[in-house]
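Presented below is the structure to which this report refers.
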Amino acid sequence: MSTFLDRVFGRVGFGGVMALVAPALAVVFAALVTSVVLLIAGHPPVEAFTSLVEYGSQPRVLVLILNLATTYFLSAVAVAVGFRMNLFNIGVDGQYRLAALIAASVGGAALVPGPLNIVLVVLVAMLVGALWASIAAVLKVTRGVSEVISTIMLNAIATGLTGWLLTADRLGVLSGNAIGTPPIPEDAHMPGMALIPGTPMKVNGFLIVAIIVGIGYAVLLNRTRFGFNLRATGRSEPAAVASGVNVKRMVVAAMVISGASAGLIGMPELLGSSFEYSLNFPTGLGFTGIAIALLGRNNAVGMAVGALLWGFLDSSSDALQLMEISKELVDIMKGVIVLSVIIAYELVHRYRIVAAQRKVSRELAAPAETEGAAA
Amino acid sequence: MLMAAAACGGSDDKAETGASASSEPSAQGGGKGGKVGLAYDIGGRGDQSFNDSAAVGLDKAKTEFGLEAKELEAAPGETDAQKEERLRLLASGGFNPVIAVGFAYSGPVKKVAAEFPDVKFAIIDDADATGPNVSNLVFAEEQGSYLVGVAAALKSTKNSIGFVGGVKVPLIQKFEAGYVAGAKAVKSDIKIQVKYLSEPPEFTGFNDPAKGKTTAQGMLDAGADVIYHAAGGSGGGVFEAAKAANAMAIGVDSDQALTADKAVSDVVITSMLKKVDVAVYDFLKNFTAGTVKGGETRYDLKAGGVDFSTTGGKVDDIKSQLDEYKNKISSGEITVPATP
């Protein structure tokens, strides 16, 4: 039997049409709730939704959505690696921020020329992310500290550490009222792609990296022995132990992979857009990843769709404000979507159980009394 | 009409953008009924801090010059690309001028202003985003803070004062630097406690009155009797703590003896005025008159951009001394440090 959590984290899947019915139901339900909120606030919902879609389908905004989704997807993958084995890595947020800061200063120092610098920055970021995450892993396997608690604490420590490092006498350079790491030289900027016609804006080159990471994630989990062990540990630890899985080693490995993926989250922004880690570096992406991993049920395609949806919602906040609608509506939509996805999957799941029970009882009843089956 | 504005945002073609801008007679400046676009940093209107101050200037200019305005607000943790898109949305939607509130818009303004040469931009608290169509409105916060530092040292009977900063960023450290220098100028042996409520990227320190209260309480317990805050919405907590301990407090940005909660406003002996409202109003006035110029406008003590308030008469007895320091700073006799 699968538990409620198993279903939430996608450790048991639905096949066929049902896999599509649940998310579709959730989006329709979320649209309904949002409409009610809009009506209460005194705005016509249909008009609001049409102009949102109109705004979101412009070339310039499409580029923005794709770039946001790239970052969000990487974050969701980092979270999902842990989720699949029942590890709640809440610390993705601190891992990517610390990783981005250290990687940015390494990149800014220009130790190696050109594209090599890009590779170096990415590797440093993954390493820092993995190391920071491994603290929680070591605490868990040696001292039994819950990774939820330790990663939340590590987030706070990462905030303090980055704040301390990002000062003028350490890694930071003061320019006006802003402070940031020395900019990464131009020859080490990730080239963008002119994918969307009708705008000079370019899609971040890390979109390709994100797609590769997504494929790698799916292959690792579904097609390798390591992935099988990871999923098995997530479903039932005693069963995994009985079949010879070293759970402690799996915990460390999963945390390290999760942390290394977390290191990638800041890279699209760092190497494709800001070229420095400053006070304006985006924050909270680790928590966005948690929401999207839940939404996509830790499935690579599902998370990609979720990341695009989130990118669209986040970019629509200005369009809403232009219509005099509070930007907090975006937060309401996000919350309702996550909740309704969970509820929709649960409803579909229960419907399937009932349907299966009916089918069984019909088949059992069929030879004995045919009229019973008709009723 | 709203749809039209959103639809306008769709064209990324610069030529077309220019056309849509010139089809608005007001966009050239010098006419009534212009459309002003204002992009706030996190918090927006109602943050009891510099965003609100900008809003006051905007409101005044709106009624006086018959302007129309659209205000957009940043979301926490967003990327520069999202800030750029906000500015593009305004600039391509026929809003001219576009005012960005806060140094976080530095990079985005520099980039977007170059894309829309026909639109005038203004940015507050930043001198780095330069361009022919960008007006940089910056303040000498350290000079005003120096004066309230002098006031704190003169008013303290225990020879011990405190500073509560919202978030430990260079901008707020300017307040600290001036305050400490001013207090030390009066009494070189004065004890000064300095605390910040949060570290970046955590910006909650600007809106956490409970933490402001606890921190101020700690300083008062440790012997301070005057506390200056540069902590936006958290300042209310500082005032509460001062009230409970029968101590004194110094406000920031606006005249907080008038704007703070009535129950605690009597603890405010003076406030360091940072006149963002004046800067916004002046910019819009110049724009309407067609005389707006690019480049840096520095609102310092000499220009009246920063000052101390005298509401309530609690610093009347030391006003002559404060004015003396004020003149010395204005004349350049005293140079106030901007970093602690």
Side-chain angles (χ1 to χ4, degrees), chain A residues 47 50-52 54-55 57-61 63-64 67-68 71 97 156 159-164 166-168 172 174-179 198-201 204 268-269 272-274 276 278-285 287-288 314-315 317-319 321-328 330-331, chain B residues 1-3 5-7 9-14 37 39 44 70-90 92-93 102-108 115 125-129 136 138 141 167-174 196 198-203 339:
Chain A
E47 206 173 291
T50 15
S51 53
L52 270 194
E54 213 169 282
Y55 174 73
S57 51
Q58 297 163 21
R60 192 182 70 205
V61 183
V63 173
L64 182 66
N67 288 346
L68 286 172
T71 304
R97 282 189 278 117
T159 300
L161 196 55
T162 49
W164 181 75
L166 195 64
T167 45
L174 195 65
S175 73
N177 284 323
I179 192 163
T199 170
M201 289 177 65
N204 199 307
E269 174 74 11
S273 169
S274 71
E276 58 164 12
S278 71
L279 293 175
N280 300 329
F281 205 79
T283 56
L285 294 172
F287 300 108
T288 310
D314 275 344
S315 67
S317 104
D318 287 323
Q321 292 183 66
L322 269 188
M323 290 182 280
E324 302 290 340
I325 299 173
S326 163
K327 72 181 171 59
E328 276 72 24
V330 171
D331 294 327
Chain B
M1 149 56 224
L2 298 164
M3 298 281 290
S11 116
D12 209 67
D13 187 345
K14 274 175 210 162
K70 187 62 80 178
E71 299 161 54
L72 301 183
E73 191 183 313
E78 65 181 16
T79 62
D80 275 6
Q82 283 166 286
K83 289 199 171 64
E84 285 163 23
E85 169 56 24
R86 181 167 306 119
L87 298 175
R88 279 194 195 101
L89 187 62
L90 288 170
S92 64
F103 68 87
Y105 281 100
S106 176
E115 292 169 23
D125 277 351
D126 176 75
D128 282 1
N136 307 85
V138 294
E141 293 91 349
V167 183
K168 197 167 185 176
V169 290
L171 177 63
I172 304 301
Q173 286 175 304
K174 276 166 91 178
Y196 286 85
S198 74
E199 297 245 2
E202 192 69 66
F203 279 82
T339 48

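Just so we're on the same page: letters track the sequence lines, and every chain starts at 1.
- Here the CZ atom belonging to B:R86 is positioned 6.5 Å from the CD atom belonging to A:Q321, to the nearest 0.5 angstrom.
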Going through the distances and angles, do A:I179 and B:V169 end up as a side-chain contact (heavy atoms from CB on, under 4.5 Å)?
CA-CA 8 Å; A:I179 192 163; B:V169 290; over 6 Å; no
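- A donor-acceptor contact under 3.5 angstrom links the side chains of A:S175 and B:D128, judged on distance only.
- Residues that satisfy the ring-ring contact (aromatic ring centres under 6.0 Å, His included) test with A:F281, not counting sequence neighbours, are A:Y277.
- Neither the backbone nor the side chain of B:S198 has a heavy atom closer than 4.5 Å to any heavy atom of chain A.
- If you measure heavy-atom distances from A:D331 to chain B, you find no contacts under 4.5 Å at all.
- Every residue two or more places apart in sequence or in another chain that forms a side-chain contact (heavy atoms from CB on, under 4.5 Å) with B:E199 is listed here: B:K168.
- Using a 4.5 Å cut-off between heavy atoms, B:A127 makes no contact with chain A at all.
- In this structure, chain B has a heavy atom under 4.5 Å from the side chain of A:V61, while its backbone stays farther away.
- Once rounded to the nearest 0.5 Å, the distance linking OG1 of A:T283 with CZ of B:F203 reads 8.5 Å.
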Walk me through it: do A:R60 and B:L89 pass the test side-chain contact (heavy atoms from CB on, under 4.5 Å)?
CA-CA 10 Å; A:R60 192 182 70 205; B:L89 187 62; 4.2 Å; yes
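- Atom CD of B:Q173 and atom CG of A:L174 lie 8.5 Å apart (nearest 0.5 Å).
- With hydrogens and angles disregarded, no donor-acceptor distance shorter than 3.5 Å links the side chain of A:K327 to the backbone of B:A75.
- To the nearest 0.5 Å, atom CD of residue B:E85 and atom CG of residue A:L64 are 6.0 Å apart.
- Side-chain atoms of B:P201 and A:T162, non-hydrogen and from C-beta on, do get closer than 4.5 Å to each other.
- Among B:Q82, B:E84, B:E78, B:E73, the residue making the largest number of heavy-atom pairs under 4.5 Å with chain A is B:E73.
- Using a distance-only test at 3.5 Å, with no hydrogens or angles considered, a donor-acceptor pair links the side chain of A:N177 to the main chain of B:D125.
- If you measure heavy-atom distances from B:K83 to chain A, you find no contacts under 4.5 Å at all.
- B:E115 contributes atom CD, which lies 7.5 Å from atom CE of A:M201 (distance to the nearest 0.5 angstrom).
- Neither the backbone nor the side chain of B:A39 comes within less than 4.5 Å of any heavy atom in chain A.
- Comparing A:N67, A:L68, A:T71 by how many heavy-atom pairs each has under 4.5 Å with chain B, the most go to A:L68.
- Note: A:L279 leads A:L279, A:L285, A:V330 in heavy-atom pairs under 4.5 Å with chain B.
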